[in-house]
S.K.: 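Have a look at this one before I ask anything.
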Number of protein chains: 4
Amino acid sequence: MKEFERSRLVAGAGELWRLGTTARFLEAVGDGSLPEEAFHRWLVQDYLFVEGFARFVALTAARTSRPAQGLVIGGLAALDAELGWFVEKARERGLDLGVEPHPVCRRYVDFLIASGYSQPQEVLLAVLFGVEVAYTVAWGRLEPAGPYAEFIERWTAPDFVAYVVELMQIAEAHPHPEQQPAFDEVMRHERDFWRMTWEG
Amino acid sequence: MKEFERSRLVAGAGELWRLGTTARFLEAVGDGSLPEEAFHRWLVQDYLFVEGFARFVALTAARTSRPAQGLVIGGLAALDAELGWFVEKARERGLDLGVEPHPVCRRYVDFLIASGYSQPQEVLLAVLFGVEVAYTVAWGRLEPAGPYAEFIERWTAPDFVAYVVELMQIAEAHPHPEQQPAFDEVMRHERDFWRMTWEG
Amino acid sequence: MKEFERSRLVAGAGELWRLGTTARFLEAVGDGSLPEEAFHRWLVQDYLFVEGFARFVALTAARTSRPAQGLVIGGLAALDAELGWFVEKARERGLDLGVEPHPVCRRYVDFLIASGYSQPQEVLLAVLFGVEVAYTVAWGRLEPAGPYAEFIERWTAPDFVAYVVELMQIAEAHPHPEQQPAFDEVMRHERDFWRMTWEG
Amino acid sequence: MKEFERSRLVAGAGELWRLGTTARFLEAVGDGSLPEEAFHRWLVQDYLFVEGFARFVALTAARTSRPAQGLVIGGLAALDAELGWFVEKARERGLDLGVEPHPVCRRYVDFLIASGYSQPQEVLLAVLFGVEVAYTVAWGRLEPAGPYAEFIERWTAPDFVAYVVELMQIAEAHPHPEQQPAFDEVMRHERDFWRMTWEG
């Protein structure tokens with residue numbers, strides 16, 4: 001997406017940016033070859049991830065100054081709705097969301113919660129931007145068509161992209177030496193998460 | 001308000017409940033004798049309080065399980081809007097919100113932030129209920145008329161009361177031995193805050 | 001004490017420094033007129049304060065870089081021993097330590113815990129220095145004689161003073177705009193705490 | 001070690017206990033076949049781990065009631081000394097401790113820090129016991145001889161074992177449904193850490 005081409009944090013991540021936003025799983029969504037089992041694994045683990053991610057975003061709201069705080073609270077309310085949407089999508093497919101998180105999911109959430117309590121707000125905003133921009137760009141490489149069109153559309157909707165642009169602007173307007181390492185770590189976790197959705 | 005007559009926490013607070021929800025300040029709002037200076041002090045200090053309270057509510061959102069978490073996030077989004085509304089009310093009156101919090105305000109917020117990081121979710125919900133129920137009942141004793149009608153209406157609106165009822169139900173459905181002491185402490189801080197608005 | 005005459009934070013606190021380190025209670029210790037009831041109140045409330053203070057120091061240890069962290073951990077181990085010593089002093093006098101903290105004590109601890117979770121390490125070190133320097137200087141104005149000689153000696157012992165000097169050096173070598181306001185707030189709480197020991 | 005045969009948490013971990021306390025790395029220490037490169041990797045990464053672990057133990061000290069708190073503070077002071085000892089051992093071998101933590105090390109520390117801020121004290125004590133008992137039992141399977149005798153002796157010293165026994169007793173005297181899952185997660189991280197020391 002052109003919106004993020006000028007991002008300092010995206011550029012600084014180098015090869016990790018590509019690794020965190022491309023995946024066999026997504027290619028298979030695009031060419032229609034995705035095994036149903038992989039999609040179900042993604043759906044359940046992504047729900048469990050968003051549960052933890054929402055806690056991180058709430059911590060960020062607790063630790064951020066205004067006006068950034070208002071933007072973060074808006075994002076948190078959207079995640080709250082998203083959790084309900086995941087429950088509905090899982091019910092439609094008869095999937096059980098009460099399972100254990102995969103170790104890869106758990107470690108991503110551990111990273112977010114540990115950061116949420118101990119990093120300064122500049123870093124929290126860079127992490128939040130990282131998680132959201134990775135998702136919108138990763139899904140945004142696909143045409144919103146086929147059996148998963150609803151999912152592709154969700155993370156490429158203009159409102160969501162506009163929110164991620166605002167996060168980028170706020171995070172990058174408040175530089176901090178720990179922003180890039182934290183953003184890079186998000187990309188490593190995104191890479192590992194996508195691999196897990198494909199490989200189990 | 002009848003809605004809260006059966007509240008276990010309200011009943012358990014005894015005399016502190018009355019002290020936390022009645023005030024010379026409010027009587028003076030009701031009989032039209034409130035000095036403008038006291039109203040301005042309240043407006044500025046309440047804004048500063050809500051800034052800290054919003055951080056507490058965000059911490060509660062970070063540390064609460066679903067479905068309570070969804071309710072708390074809704075409350076946080078309302079507080080975010082309320083902060084904007086306070087800014088507007090202050091601007092209409094030419095008041096500066098960039099002042100130091102009064103020691104009484106600061107200690108209330110310290111209590112909330114310390115609790116937010118260290119108490120279990122059952123206690124966080126009791127504190128959140130305490131802050132909100134004190135406000136809706138204190139303002140609810142007044143007729144929504146006169147120069148401050150907008151303020152009285154804000155904290156007695158049916159949607160707000162319904163939210164506070166839901167908080168009561170969730171908090172009281174999950175009892176914990178530290179709930180009552182924490183709720184009582186909220187009432188002590190409410191009492192002190194109202195005194196400060198009157199006395200300076 | 002000469003050691004702290006060059007402290008930037010002490011000088012910056014102005015009149016609050018004097019208010020936080022002098023007290024009717026201490027004068028009465030010095031001239032032998034202290035009511036036993038006041039001494040007992042101090043002993044019990046100071047124990048309850050140190051319980052909360054130790055949690056703050058542990059949070060500081062969790063959030064501080066080396067080498068400051070080592071100094072803080074040493075201070076924490078000393079506080080752990082001090083809690084045992086308080087228990088012994090209370091037992092000798094037949095005092096019950098299982099009482100409620102006084103509101104003034106509780107609010108001081110709330111300030112410390114809220115700071116411990118949310119302030120950056122530079123500010124945590126300034127707060128830790130503030131609490132310790134206030135104690136060593138306040139007691140250090142007295143001759144170590146009379147019925148309370150053991151107490152005076154405790155907070156004026158050369159090892160303790162050397163520890164406080166190290167805290168000053170580390171805190172003041174890492175300036176931060178929030179250090180002075182936090183140090184000043186410590187002095188306000190010290191002032192209030194001493195008044196409470198005298199007035200009840 | 002016989003001391004831990006009756007541990008409820010050790011027994012409950014089942015196969016994970018064996019996986020977390022045995023390793024190719026340790027076998028190679030025992031039979032003298034350890035590549036120097038692997039030992040150096042262990043030494044550096046274990047130092048970086050202990051840096052993070054010390055933060056976790058400080059958080060546990062901040063969030064634990066007495067008398068457990070005193071035991072934890074004693075353990076923290078020992079870790080502080082251990083960090084100095086690691087620096088010395090690294091200097092003797094010309095190793096640079098200022099490197100990046102390995103992802104496996106980082107994720108273990110993320111788990112500890114996330115737990116330290118968000119788990120109740122019963123779970124914190126179970127995690128602390130897990131980390132320490134894994135180390136004393138893993139090293140305790142080796143004869144304290146050969147070039148690494150100093151390392152084997154360190155984690156099998158009677159004082160250290162006695163400390164770990166006390167942690168077991170306190171943790172297991174305060175059961176909580178989240179203790180076993182957290183203890184098991186420690187074992188998974190121990191297993192992964194040992195693998196990393198061998199495989200790089």
Side-chain angles (χ1 to χ4, degrees), chain C residues 44 47-88 90-91 97-98 101 109-121 124-125 127-128 131 159 163 166 170, chain D residues 47-88 90-91 97-99 101 109-121 124-125 127-128 131 159 163 166 170:
Chain C
V44 171
Y47 169 77
L48 297 172
F49 169 74
V50 175
E51 263 199 344
F53 180 48
R55 293 182 189 278
F56 165 77
V57 179
L59 289 170
T60 301
R63 298 171 71 90
T64 313
S65 307
R66 303 191 72 77
Q69 190 190 44
L71 183 66
V72 175
I73 291 172
L76 178 61
L79 284 176
D80 183 50
E82 189 164 291
L83 284 166
W85 175 83
F86 267 111
V87 169
E88 197 186 303
R91 196 180 295 140
L97 295 173
V109 170
D110 281 344
F111 161 71
L112 292 175
I113 301 298
S115 301
Y117 280 107
S118 52
Q119 293 281 13
Q121 59 175 314
L124 298 182
L125 291 168
V127 168
L128 177 51
V131 175
D159 278 4
Y163 163 63
E166 280 197 80
I170 282 189
Chain D
Y47 170 78
L48 297 171
F49 170 73
V50 174
E51 262 199 344
F53 181 48
R55 294 183 187 279
F56 165 78
V57 179
L59 289 170
T60 301
R63 299 172 71 93
T64 313
S65 305
R66 303 191 69 77
Q69 190 190 45
L71 182 67
V72 175
I73 291 172
L76 178 60
L79 284 177
D80 182 50
E82 188 163 292
L83 284 166
W85 175 83
F86 266 111
V87 168
E88 199 185 303
R91 195 180 296 138
L97 295 173
V99 298
V109 171
D110 282 343
F111 161 70
L112 292 174
I113 300 299
S115 301
Y117 280 106
S118 53
Q119 294 282 13
Q121 58 175 314
L124 298 182
L125 290 168
V127 168
L128 177 50
V131 175
D159 278 6
Y163 164 64
E166 279 197 80
I170 283 189

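Just so it is clear, the structure is predicted and the values come from calculations on it, not from any experiment. Chain naming here is simple, since letters A, B, ... match the order of the sequence lines and numbering starts at 1 in each.
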S.K.: Which region of Y117(C), side chain (C-beta onward) or backbone (N, CA, C, O), has a non-hydrogen atom less than 4.5 Å from a non-hydrogen atom of chain D, or is it both or neither?
M.R.: side chain

S.K.: In terms of heavy-atom proximity below 4.5 Å to chain C, should L83(D) be classed as side chain, backbone, both, or neither?
M.R.: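 It is the side chain, since no backbone atom gets that close.
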
S.K.: Specify the closest pair of heavy atoms between D80(C) and G70(D), including all atoms of both residues, with the distance to one decimal.
M.R.: OD1-CA, 3.4 Å

S.K.: Looking only at heavy atoms, what is the nearest atom pair of A54(D) and Q69(C), with distance?
M.R.: CB-NE2, 4.5 Å

S.K.: In terms of heavy-atom proximity below 4.5 Å to chain C, should R63(D) be classed as side chain, backbone, both, or neither?
M.R.: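 Contact with chain C is through both the backbone and side chain of R63(D).
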
S.K.: Name the option with the most non-hydrogen atom pairs under 4.5 Å to chain D; the candidates are V72(C), L79(C), T64(C).
M.R.: T64(C)

S.K.: Is I73(D) close to chain C through its backbone or its side chain, or both, or neither, when contacts mean heavy atoms under 4.5 Å?
M.R.: side chain

S.K.: Which one of A81(D), A62(D), G116(D), G84(D) has the most heavy-atom pairs closer than 4.5 Å to chain C?
M.R.: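 Greatest number of close heavy-atom pairs with chain C: A62(D).
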
S.K.: Would you mind checking which part of T60(C) comes under 4.5 Å of any heavy atom in chain D, side chain (CB onward), backbone (N, CA, C, O), both or neither?
M.R.: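 For T60(C), neither part sits under 4.5 Å from chain D.
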
